[in-house]
Amino acid sequence: MVLSDIDIKKELKDGRIIIEPLKEKDIQPASVDVRLGSHFRIFKNSNHAYIDPEKDQENLTEEIIVPEGEAFVLHPGQFALGTTFEKLTLPDDILGKLEGKSTLGRLGLMIHSTAGYVDPGWNGELTLELSNVATLPIMLRPRMRIGQLSFERMSSSVERPYGSSDLGSHYQNQVGATPSSALKD
C-alpha cells in the first residue's frame with residue numbers, strides 16, 4: 001500500500017522514516033520531493049576504452065563537486081552519477097521508490113536507470129543515475145528538485161533489512177555519488 005501524505009507525515013513524526021533536511025512543502029499527496037546534491041561522478045573516457053564490471057578499473061570515474069550557485073552541465077547522451085541532497089533512513093517494514101519529476105522528464109532528464117528501488121533498512125543519500133536523452137544540454141543546479149520518493153508499507157517487517165551483515169549491502173550509509181560496486185558481487 002502506497003503511503004498518503006497523512007501517513008508519510010506520521011511516519012516522519014514518529015521517526016520511522018527520516019529525511020534530512022526536509023521542508024514541509026516537499027511533502028506531496030503521495031510522495032516527498034528530493035533535491036539534487038552537489039556531488040557528481042563522470043566517466044573518464046580518456047583513461048579507459050571500455051567498462052568491465054568484473055575488473056578493477058582504477059580511476060574509471062572522477063568526482064566533481066559543484067560549488068553553490070553554479071551548475072553541472074549534462075550534455076546530450078551523457079551519463080553521470082549524482083546524489084540527493086537529502087539523507088534517507090527507512091525502517092524494516094517500509095520501502096521507497098524513487099521517480100523523476102515530470103517537469104524534468106519532459107525536458108529529457110532521466111534520474112535513474114535501475115536504482116529507483118530503496119530497500120527497507122536503507123540509510124544514506126541516494127545515488128542518481130542521470131541521463132540526458134534530449135538534444136540540448138541540461139543545467140543541473142544543486143538543491144533543485146530532482147525527484148520524488150513514494151513509500152510502501154510491507155506486509156510484515158523484513159527478516160534481513162538492507163545493511164544486514166550477511167547481505168553484502170554495498171551502498172549502506174553512502175554519502176555522495178557512489179560508483180558501482182559490481183566487482184564486489
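From a predicted model like this one, the values you see are computed outputs, not experimental measurements. When a residue number appears, it is its place in the shown sequence, counting from 1.
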With rounding to the nearest 0.5 angstrom, report the CG to CD1 distance, L130 to I138. 9.5 Å
Rounded to the nearest 0.5 Å, what separation is found between the CE atom of M154 and the CG atom of L95? 5.5 Å
My understanding is that a hydrophobic cluster links ILVMFWY residues whose side chain heavy atoms are under 4.5 Å apart, including indirect links. Using that, what else belongs to the cluster containing V73? M139
Given 3.5 Å as the limit, does a donor-acceptor pair link the side chain of H112 with the main chain of E99, or not? no
Over all heavy atoms of both residues, which pair between P161 and G121 is shortest? Give the atoms and the distance, please. CB-CA, 3.8 Å
Pairs involving residues 53-76, ordered by first then second residue, that meet ring pair (Phe, Tyr, Trp, His ring centres under 6.0 Å) (sequence neighbours left out): F40-F72
Can you confirm whether D33 sits close enough to Q28 that some side-chain heavy atom of one is under 4.5 Å from a side-chain heavy atom of the other? yes
When you compare the side chain of D26 with that of R145, does any pair of heavy atoms fall below 4.5 Å? yes
Does I146 reach the side chain of L104, with side-chain heavy atoms less than 4.5 Å apart? yes
Please list every donor-acceptor pair under 3.5 Å in which a side-chain atom of residues 8-20 meets a protein atom from a residue at least two apart or in another chain.
unit_1, atom_1, unit_2, atom_2, d
K9, NZ, E24, OE2, 3.3
K10, NZ, D14, OD2, 2.7
E11, OE1, R16, NE, 2.6
E11, OE2, R153, NH1, 3.0
E11, OE2, R153, NH2, 3.1
R16, NH2, D93, OD1, 2.6
R16, NH2, D93, OD2, 2.9

Is there a side-chain contact (heavy atoms from CB on, under 4.5 Å) between V2 and D7? Walk through the geometry before answering. CA-CA 9 Å; V2 176; D7 294 323; over 6 Å; no
May I have the list of side-chain donor-acceptor pairs in residues 60-68 shorter than 3.5 Å, sequence neighbours left out?
unit_1, atom_1, unit_2, atom_2, d
T61, OG1, R41, NH1, 3.1
E63, OE2, H39, ND1, 2.8

Smallest separation among heavy atoms of S131 and F79, with atom names: OG-CD1, 3.5 Å
Got L109 and V133 here, is their nearest side-chain heavy-atom distance under 4.5 Å? no
Atom of A30, atom of S150 and distance for their closest heavy-atom approach: O-CB, 3.5 Å
Minimal heavy-atom distance between E129 and S113, with the atoms involved, is OE1-N, 2.5 Å
Flag the pair L88 / N123 as yes when at least one side-chain heavy-atom distance between them is below 4.5 Å, and no otherwise. no
Are F85 and M144 linked, directly or through intermediate hydrophobic residues, by side-chain heavy-atom contacts shorter than 4.5 Å (ILVMFWY only)? no
Sort out for me which residue in K23, R143, R35 forms a salt bridge (charged side-chain N to carboxylate O under 4.0 Å, His left out) with E86. R35
With sequence neighbours left out, the residues meeting side-chain contact (heavy atoms from CB on, under 4.5 Å) with R160 are S164, D166, L167
Within the structure provided, determine whether P76 and N132 are in side-chain contact (heavy-atom separation under 4.5 Å). yes
Using the side-chain contact (heavy atoms from CB on, under 4.5 Å) rule, take L81 and L128 through it: C-alpha gap first, then chi angles, then the decisive distance, then the call. CA-CA 5 Å; L81 298 176; L128 307 171; over 6 Å; no
Across all chains, not counting sequence neighbours, the side-chain contact (heavy atoms from CB on, under 4.5 Å) partners of D119 are Y117, Y162
Heavy-atom check, side chain of L107 versus side chain of L136, under 4.5 Å: no
I'd like to know whether L149 forms a side-chain contact (heavy atoms from CB on, under 4.5 Å) with L126, so could you lay out the CA-CA distance, the side-chain angles of the two residues, the decisive distance to 0.1 Å, and finally the verdict. CA-CA 11 Å; L149 274 168; L126 300 174; 4.0 Å; yes
Heavy-atom closest pair (A80 atom, L74 atom, distance to 0.1 Å) is CB-CD1, 4.0 Å
Rounded to the nearest 0.5 Å, what separation is found between the OG atom of S4 and the CD1 atom of I27? 11.0 Å
Is the closest side-chain heavy-atom distance between K87 and V175 below 4.5 Å? no
Have T83 and E125 got a donor and an acceptor in their side chains that come within less than 3.5 Å? yes
Is it true that M110 and I42 fall in one hydrophobic cluster, defined by side-chain heavy atoms closer than 4.5 Å? no
